[in-house]
Amino acid sequence: MKKRLRKKLHKGEFRELGFSFDAQFKADTEMQVVEAWLQELASLLNSHSLEMGGGWNSNVCGGFITRERGSVTPEEQDIVRKWFDEHGQNLESVTVGELKDAWYGW
């Protein structure tokens, strides 16, 4: 495959990595607490030029974290994982997935 096509299709050296997460809030967690938690998470991601896509409801938040261009590094993944550990007072559980191809890893 030609380099131009690999770049267009995000293949080979142009592959971009990201990771998924799933956080389950305790059943008695108020919506304002969930919203504040999401705002803090968004602030952390913005400070590292990361982006998040996904969804949430009253007790489950999940999504995929990636970078606008390029790959998430293992160090950035660890930063997010540690943040979850430090800000998990209202969480029943949190799962952070492995780095996967953001375009074809599903």
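- Residues R15 and S71 are not in side-chain contact: their nearest non-hydrogen atoms beyond the backbone lie 4.5 Å or more apart.
- Within the 4.5 Å cutoff, side-chain heavy atoms of F84 are placed close to those of L41.
- Within a 6.0 Å radius of CD in E35, other residues, nucleotides and ligands contribute more than 12 heavy atoms.
- Contact annotation: the side chain of P74 approaches that of L99 to within less than 4.5 Å [non-hydrogen atoms, C-beta and beyond].
- Between E16 and R67 there is no salt bridge, since none of the side-chain N atoms of the basic residue sits less than 4.0 Å from a carboxylate O of the acidic one.
- In this pair, W83 and W37 present their aromatic rings tilted. The plane angle is within the 30 to 60° band.
- Judged by distance alone, the side chain of Q77 and the main-chain N or O of G97 form a donor-acceptor pair under 3.5 Å.
- Between the CG atom in D85 and the CG atom in D78 there is a gap of 10.0 Å [rounded to 0.5 Å].
- A pairwise comparison of heavy atoms in K26 and E92 identifies CA-CG, 3.6 Å as the closest pair.
- Heavy atoms of other residues, nucleotides or ligands lying less than 6.0 angstrom from CD of Q89 number more than 12.
- Between R6 and F14 the shortest heavy-atom distance is C-CD1, 3.8 Å.
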Checklist line | side chain to side chain contact (heavy atoms under 4.5 Å, CB included) between F21 and R81, intermediate numbers included | finding: CA-CA 9 Å; F21 76 94; R81 185 178 281 127; over 6 Å; no

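- In this structure Q32 satisfies the side chain to side chain donor-acceptor pair (under 3.5 Å) test with no other residue, sequence neighbours excluded.
- In this structure, CG on D101 lies 6.5 Å from CG on L17, to the nearest 0.5 angstrom.
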Next item on the list: Carefully, step by step, assess M1 and L9 under the rule side chain to side chain contact (heavy atoms under 4.5 Å, CB included).
Entry: CA-CA 10 Å; M1 182 181 297; L9 296 176; 4.2 Å; yes

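- Contact detail for F19 and E98: the closest heavy-atom pair is CB-O, 3.6 Å.
- In plain terms, the two heavy atoms of S20 and F64 that are nearest each other are N-CD1, 3.7 Å.
- When side chains are defined from C-beta on, V80 counts as touching L45, because their heavy atoms get closer than 4.5 Å.
- By the 6.0 Å and 45° rule, K11 stacks over the aromatic ring of Y104.
- Contact check for L44 versus H87: no side-chain heavy atoms found under the 4.5 Å cut-off.
- Annotation: the span from E51 atom CD to N46 atom CG amounts to 8.5 Å, rounded to 0.5 Å.
- No path of Ile, Leu, Val, Met, Phe, Trp and Tyr side chains, each step under 4.5 Å between heavy atoms, connects L38 with V33, placing them in separate hydrophobic clusters.
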